[in-house]
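This report refers to the structure that appears directly beneath it.
Per chain, numbering begins at 1; letters A, B, ... match sequence-line order.
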Amino acid sequence: MPDTQPRLHLHDSRTRSTVPFVPLDPLNVRVYYCGPTVYDLAHIGNLRAMLTADVLVRLLRHLYPHVTYVRNITDVDDKINARALANSESIAELTARTIRDFHDDLAAVSILPPDVEPRATHHIGEMQDMIHRLIKSGHAYEAEGHVLFAVGTYDSYGALSGRSPDDLIAGARVEVAPYKRDPGDFVLWKPSDDQTPGWDSPWGRGRPGWHIECSAMSHRYLGESFDIHGGGSDLLFPHHENERAQSMCCHPHGRFAAHWVHNAMLLVNGEKMSKSLGNFLTVRDVLRDTPAEALRLLLLRAQYRSVLNFTQAGLDEARQMLDRFYRALEHLPEQPAPLPPPPDGFVSMLCDDLNTPRALAEMHALADAALGGDTLAARQLKAAGNLIGLLHDTPEQWFRGRSTVDAGAIEALIAERLAARKARDFGRADAIRNELAAQGIILEDGPQGTTWRQA
RNA sequence: GGUCUGGUGGCAGAAUGGUGAUGCAGCGGACUGCAAAUCCGCGAAUGUGGGUUCGAUUCCCGCCCAGACCUCCA
């Protein structure tokens with residue numbers, strides 16, 4: 001890497017500090033993110049996590065020659081079993097449809113696919129291998145058809161989420177199964193009855209616990225040590241704590257994830273999203289009447305570690321910001337040319353723990369310059385936007401793409417209005433403009449004539 | 001109850017031990033037949049009580065409030 005490149009600093013959840021990011025192998029930066037449990041449509045909270053990963057990986061790809069990004073799919077889970085039963089459909093149908101919808105929703109907001117997207121059910125063997133090793137090394141034990149991880153065998157248990165084992169026990173709100181040696185012990189393998197998906201194993205027919213899949217799949221695709229592991233902050237405990245314990249005990253010479261990234265939660269109108277409050281918003285709900293890019297921009301307006309309050313007003317504002325950006329892109333040079341690199345000022349904001357609000361402020365400055373006629377700034381604006389997955393449209397697509405009104409009819413009315421204006425019949429001219437406005441079409445009289453756009 | 005975050009203009013949202021970004025909204029002006037867009041300008045904020053300090057929004061403590069986690073969760 002040339003020394004002029006801004007250097008990436010990332011907040012690490014384990015040490016609770018922002019530290020320089022130093023790849024284990026600069027030629028292959030390795031990232032693992034916890035993907036969806038596929039039993040329902042993705043909601044905008046899921047989206048925030050996937051988007052944080054997307055921006056991080058896009059930035060890493062800008063800074064380093066190669067990135068391996070792995071994001072799993074959890075397709076074995078008791079919520080899936082319950083939903084399939086409720087829907088009277090097979091688990092295979094439910095998971096296949098949900099995965100398809102998930103991919104569509106993410107693609108709609110320009111989230112790039114991971115390099116590897118492993119499915120839990122395709123890695124049962126790897127999980128069983130790990131469980132076997134953990135039993136052999138004394139970190140796991142069998143009890144009543146279950147295999148449990150013994151948290152007491154891992155000194156550093158609790159270090160990731162920053163809590164002591166005592167804290168964990170004190171507030172436990174779920175009944176502790178009697179076969180656990182320690183209340184904190186968690187399931188690696190559990191028995192399945194005839195109605196429940198299961199796989200044969202040395203411990204009987206059963207299915208994996210929640211955490212072991214990520215340990216098995218990250219190991220398979222990224223090795224004993226990799227650079228970044230991420231997800232929503234609600235995964236920090238117990239999911240990531242348990243993953244880490246399993247993996248570190250199974251592969252004591254590795255360090256598992258060198259760096260932990262967790263995004264903060266999303267609120268809707270100031271409240272946590274929940275089905276009981278009825279404010280549970282799927283990506284699809286939002287995209288029904290909002291351009292996907294506005295949703296993406298809204299989520300990038302807050303730094304990923306800040307709680308973000310999702311509102312319709314915020315969505316509208318994001319759309320207005322894009323109006324201005326695209327207006328600035330109208331100042332791109334006529335003949336297409338390769339874009340310049342995004343300006344260092346912009347990249348260094350992203351390198352400051354993904355400070356997207358400040359990066360967007362840089363883009364506003366570029367937009368100002370572009371609107372003043374600076375074509376280089378216009379090109380830099382597009383390059384900057386593209387780096388974080390924005391501004392892929394042309395201004396024409398942005399301002400007119402969603403319009404359902406016939407363009408020929410609009411042009412005819414514009415011509416008629418022009419004639420009326422020449423005749424100084426402003427009554428007729430304004431009537432035409434109002435007529436179009438009623439259809440959501442805004443006319444703009446400029447030095448080069450009249451143009452139109454969708455409201 | 002335990003652990004942990006956070007509280008910044010009307011709203012969203014950065015940063016900082018020493019004149020507190022940016023965007024939206026608002027107000028005034030330019031431009032326009034009128035608009036829209038654009039441009040110029042303006043007003044507007046560090047929850048609360050202490051402490052440390054020459055100086056605190058920033059560091060420390062109490063309080064209030066909000067949120068997350070405490071074995072389903074992005």
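Taking the side chain as every heavy atom from C-beta outward, A:Phe102 and A:Met50 approach each other to under 4.5 Å. The closest side-chain heavy-atom distance from A:Leu267 to A:Leu308 is not below 4.5 Å. With a 4.5 Å cut-off on side-chain heavy atoms, A:Asp105 and A:Ile111 do not count as touching. At a threshold of 4.5 Å between non-hydrogen side-chain atoms, the residues A:Arg244 and A:Tyr157 do not count as touching.
Taking atom C1' on both nucleotides, B:rU52 is separated from B:rC60 by 7 Å, rounded to a whole Å. One P atom belongs to B:rA56, the other to B:rG17, and the distance between them is 14 Å to the nearest Å. Across the P atoms, B:rG6 and B:rA14 are found 12 Å apart, a figure rounded to whole Å. The gap from the P atom of B:rC11 to that of B:rA45 amounts to 12 Å, rounded to the nearest Å. A distance of about 24 Å separates the C1' atoms of B:rG13 and B:rG18, rounded to the whole Å. A distance of about 42 Å separates the P atoms of B:rC39 and B:rU5, rounded to the whole Å. Between B:rA37 and B:rA30, the two C1' atoms lie 14 Å apart (nearest whole Å). Taking atom P on both nucleotides, B:rU46 is separated from B:rA35 by 37 Å, rounded to a whole Å.
OP1 or OP2 of B:rA15 has at least one side-chain nitrogen or oxygen of A:Asn355 nearer than 4.0 Å. Phosphate proximity of B:rG6 to A:Ser306: absent, as no side-chain N or O sits under 4.0 Å from OP1 or OP2. Side-chain nitrogen and oxygen atoms of A:Gln303 include none within less than 4.0 Å of the OP1 or OP2 phosphate oxygen of B:rA15.
With RNA chain B read from its 5' end, the first of the two nearest nucleotides for A:Gly314 and A:Pro36 is the one closest to A:Gly314. The residue among A:Ala361 and A:Arg421 whose nearest nucleotide of RNA chain B lies closer to the 5′ end is A:Ala361.
Stem analysis of RNA chain B (Watson-Crick or G-U pairs, both distances under 3.5 Å, runs of at least three) returns B:1-7 with B:64-70, B:10-12 with B:22-24, B:26-30 with B:38-42, B:47-51 with B:59-63.
Using a distance-only test at 3.5 Å, with no hydrogens or angles considered, a donor-acceptor pair links the side chain of A:Arg400 to the main chain of A:Trp452.
At a cut-off of 3.5 angstrom, the base of B:rA37 holds no donor-acceptor pair with the side chain of A:Arg327. Judged by distance alone with a 3.5 Å cut-off, a donor-acceptor contact links the side chain of A:Asp445 to the base of B:rC34.
Across all strands, A:Leu443 comes closer than 4.0 Å to base atoms (heavy-atom distances). Backbone-only engagement by A:Met321 is indicated by non-hydrogen atom pairs under 4.0 Å involving sugar-phosphate atoms exclusively. Using a 4.0 Å heavy-atom distance criterion, A:Arg428 is classed as making no nucleic acid contact. Within 4.0 Å (heavy atoms only), A:Leu266 reaches at least one base atom of the nucleic acid. Among the protein residues, A:Ala302 comes within range of the sugar-phosphate backbone only, with heavy atoms under 4.0 Å from sugar or phosphate atoms but none that close to a base.
Using a 4.0 Å cut-off between charged side-chain N and carboxylate O, A:Asp54 and A:Arg296 make a salt bridge. With salt bridges taken as basic N to acidic carboxylate O contacts below 4.0 Å, one links A:Asp368 and A:Arg324. Here A:Glu89 pairs with A:Arg97 in a salt bridge; the nearest charged N to carboxylate O distance falls below 4.0 Å. Between A:Arg71 and A:Asp115 no salt bridge is recorded (no basic side-chain N to carboxylate O distance below 4.0 Å).
Rounded to an integer number of Å, the gap from CG of A:Asn309 to P of B:rC65 is 20 Å. The CD atom of A:Gln448 sits 16 Å away from the P atom of B:rU38 (whole-angstrom rounding). Here B:rG33 presents its C1' atom at 8 Å from CG of A:Asp430, a figure rounded to the nearest Å. Here the P atom of nucleotide B:rA36 and the CD1 atom of A:Ile414 are 17 Å apart, to the nearest Å. With rounding to whole Å, A:Asp353 atom CG is found 13 Å from B:rA14 atom C1'. Across the protein-nucleic acid pair, A:Leu299 atom CG and B:rG13 atom P stand 11 Å apart, rounded to whole Å. Per the geometry, CZ belonging to A:Arg301 stands 13 Å off C1' belonging to B:rA21, to the nearest Å. B:rC11 atom C1' lies 12 Å from atom CG of A:Asp316, rounded to whole Å.
Here B:rA74 is the nucleotide among B:rU71, B:rA74, B:rC34 with the atom lying nearest to any side-chain atom of A:Asn46. Among the nucleotides B:rA14, B:rA36, B:rG67, the one closest to the side chain of A:Arg453 is B:rA36. Distance from the side chain of A:Arg433 is smallest to B:rA35 among B:rA68, B:rA14, B:rA35. With B:rC72, B:rA14, B:rC70 as the candidates, the nucleotide lying closest to the side chain of A:Pro357 is B:rA14. The side chain of A:Arg424 lies closest to B:rG33 when the candidates are B:rG33, B:rC4, B:rU22. Nearest nucleotide to the side chain of A:Met265, out of B:rG33, B:rA74, B:rA14: B:rA74. In the set B:rA21, B:rA74, B:rC4, the nucleotide with an atom closest to the side chain of A:His43 is B:rA74. Residue A:Asp234 has its side chain nearest to B:rC69 when only B:rC69, B:rU71, B:rG13 are considered. The side chain of A:Gln320 has B:rA25 as its nearest neighbour among B:rG23, B:rA25, B:rG13.
A:Asp75 pairs with exactly one of A:Thr95, A:Thr98, A:Thr121, A:Thr37 by the side chain to side chain donor-acceptor pair (under 3.5 Å) rule, that one being A:Thr121. Considering A:Glu117, A:Glu213, A:His123, A:Arg119 as possible partners of A:Asn72, the one that fulfils the side chain to side chain donor-acceptor pair (under 3.5 Å) test is A:Glu213.
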Polar atom pairs between nucleotides 39-41 of chain B and protein, under 3.5 Å, N or O only, would you list them?
unit_1 : atom_1 : unit_2   : atom_2 : d
B:rC39 : OP1    : A:Arg324 : NH2    : 3.2
B:rC39 : OP2    : A:Arg324 : NH1    : 3.2

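Side-chain atoms of A:Tyr179 and A:His146 form a donor-acceptor pair, as typed in the model, at a separation below 3.5 Å. Side-chain contact annotation: A:Ser215 with A:Glu243, donor-acceptor N/O pair under 3.5 Å absent.
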